[in-house]
Enquirer: 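Got a structure for you, written out below as structure tokens; questions coming shortly.
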Amino acid sequence: MKKNHITIKHKLLIALILFSCNNMVFSQGLLDGFTAVKGDVSITGSYTYSYFKALYAGKKKKENIGKSTQNIGSIYAKYGLTSRLLLVGNLAYIKAERPKKSQKVSGLQDFSVALKFNTYKHNFKHSNLNIITALGATIPASDYEVDKFISIGNGAASANFTAGLHFKTNSGVFVTILDTYSVKGDADNDGVGEDYDVPNTNYIVGKFGYASSLIYLEGWIDYTNSIDGPDLGSEGYRSGGYSENEVDFTRIGVTAYKNIIPSLGVSIGYSTVIEGRNMADSTSFSIGLTTNL
């Protein structure tokens, strides 16, 4: 009986995370710090409403630009290939509008996939520490509208390399730090002039929270830094070439998950940008439903 209880608890923990949106699979990124369970499959369907009334042109914040909205649906799935190797994927659909600029976007956006490996685990008396590595890729949809400020992502294929640490106590308190370097290709310019040279980016996320068999609570902060690129409206900026800009931002958020039955749970989330460069000053609210197969 005790063995079965532990198995159910572990399966619930692996079914908890990731449902909010924006760049880099929306909030906290594609990956979490928890260990895979061999043969376990979980699927999360989510909806995110995001809006902004200000944006950063370079580092200068432009207020009162009119309200823009994003409605984003996504499907996130993961599968435990072994007890240490996890396959994850995410596909997003967006319907967004920026009325003041007469801009609209709708359709599939980035598809992201990754293999996460729990490289090393050390058990202490009342806690454990995991070293995590991962290799991933991001593939834009064929009809991606790259030049819209209200799109998510940037229309470029990328290879993503992640390393990090996950520390968890036996009582359920955890800390996760993940660092991802993303090597990006060019964004299609629809045959009009040269394609856009999308800068590589470094993405760091830190999480602090509590996870049990019944509930998951998390606060997080993430930071994205593009390696180079022009600012909006600066010398070297091409009108419509948003994808080649240097996009930097810091964002904070919270996540909560509660299981309804052992194989089904609901999640809610909130995130907001606290500083940025060449991006929207957005706030997002999310809700998701996770099933563990």
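Only a predicted model underlies this, so the values are computations on that prediction, with no experimental measurement involved.
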Enquirer: Report yes if some heavy atom in the side chain of F174 is under 4.5 Å from a heavy atom in the side chain of E218; otherwise report no.
Expert: yes
Enquirer: Could you walk me through whether I268 and I287 pass the side chain to side chain contact (heavy atoms under 4.5 Å, CB included) check?
Expert: CA-CA 4 Å; I268 57 173; I287 185 168; 4.3 Å; yes
Enquirer: Report yes if some heavy atom in the side chain of D231 is under 4.5 Å from a heavy atom in the side chain of R277; otherwise report no.
Expert: yes
Enquirer: Taking N278 for the side chain and E246 for the main chain, is one N or O donor matched with an acceptor at less than 3.5 Å?
Expert: yes
Enquirer: Are there more than 12 heavy atoms of other residues, nucleotides or ligands under 6.0 Å from atom NZ of K258?
Expert: yes
Enquirer: Could you label the plane-to-plane angle of the F285 and Y270 rings as parallel, tilted or perpendicular, counting under 30° as parallel and over 60° as perpendicular?
Expert: tilted
Enquirer: Just so I know, are the side chains of L81 and Y79 near enough to count as touching, which here means a heavy-atom distance under 4.5 Å?
Expert: yes
Enquirer: Is the side chain of D248 donor-acceptor paired with the backbone N or O of S226 at a distance under 3.5 Å, no angle test?
Expert: yes
Enquirer: Mind checking whether Y223 and N202 have side chains closer than 4.5 Å, heavy atoms only?
Expert: no
Enquirer: Testing D32, T162, T133 one by one against K116 for a side chain to side chain donor-acceptor pair (under 3.5 Å), which residue passes?
Expert: D32
Enquirer: In Å and rounded to the nearest 0.5 Å, what is the CG to CD1 distance from D110 to I139?
Expert: 9.5 Å
Enquirer: Whether K78 and D40 form a salt bridge (side-chain N of Lys/Arg under 4.0 Å from carboxylate O of Asp/Glu) is what I want to check.
Expert: no
Enquirer: Indicate the atoms forming the closest heavy-atom contact of A280 with L55, along with that distance.
Expert: CA-CB, 4.1 Å
Enquirer: Could you list the residues that satisfy ring-ring contact (aromatic ring centres under 6.0 Å, His included) with Y210, not counting sequence neighbours?
Expert: none
Enquirer: Quick check: closest heavy atoms across V273 and M279, and the distance to 0.1 Å?
Expert: CG2-CE, 4.0 Å
Enquirer: Using a 3.5 Å distance criterion without hydrogens, assess whether the side chain of E244 forms a donor-acceptor pair with backbone atoms of P230.
Expert: no
Enquirer: Between S282 and S50, is there a side-chain heavy-atom distance shorter than 4.5 Å?
Expert: yes
Enquirer: How about Y120 and L129: do any of their side-chain heavy atoms sit closer than 4.5 Å?
Expert: no
Enquirer: Measure across F52 and I65 and return the closest heavy-atom pair with its distance rounded to 0.1 Å.
Expert: CE1-CD1, 3.9 Å
Enquirer: Work out which heavy atom in Y216 is nearest to a heavy atom in A211; give both atom names and the distance.
Expert: CD1-CB, 3.7 Å
Enquirer: Less than 4.5 Å apart, side chain to side chain, heavy atoms only: is that true for V105 and I94?
Expert: yes
Enquirer: For ring pair (Phe, Tyr, Trp, His ring centres under 6.0 Å), just list the numbers for H126 and F124, CA-CA rounded to whole Å, side-chain angles, deciding distance to a tenth of an Å, and then say yes or no.
Expert: CA-CA 6 Å; H126 300 294; F124 301 98; over 10 Å; no
Enquirer: With no hydrogens and no angle check, is any side-chain donor or acceptor of Y76 less than 3.5 Å from a backbone partner on L30?
Expert: yes
Enquirer: Please report the closest heavy-atom contact between L232 and Y56, naming both atoms and the distance.
Expert: CD1-O, 3.8 Å
Enquirer: Do L178 and L31 come close enough that some side-chain heavy atom pair is under 4.5 Å?
Expert: yes
Enquirer: Any chain of hydrophobic side-chain contacts (each under 4.5 Å) joining V205 to F161?
Expert: no
Enquirer: Between S127 and T169, is there a side-chain donor-acceptor contact under 3.5 Å, judged purely by atom types and distance?
Expert: no
Enquirer: Do you know which of T35, T176, N130, N118 makes side chain to side chain donor-acceptor pair (under 3.5 Å) with H166?
Expert: T176
Enquirer: Can N160 and S158 be counted as having a side-chain donor-acceptor contact under 3.5 angstrom?
Expert: yes
Enquirer: May I ask you to decide if K184's main-chain N or O and N200's side chain share a donor-acceptor pair within less than 3.5 Å?
Expert: yes
Enquirer: Apply side chain to side chain contact (heavy atoms under 4.5 Å, CB included) to V173 and F167, showing your working.
Expert: CA-CA 8 Å; V173 176; F167 176 80; over 6 Å; no
Enquirer: Ignoring hydrogens, what is the shortest heavy-atom contact between Q103 and I150? Give both atom names and the distance.
Expert: O-CD1, 3.8 Å
Enquirer: Which other residues end up in the same hydrophobic cluster as I252, if Ile, Leu, Val, Met, Phe, Trp and Tyr are linked when side-chain heavy atoms come under 4.5 Å apart?
Expert: I221, I274
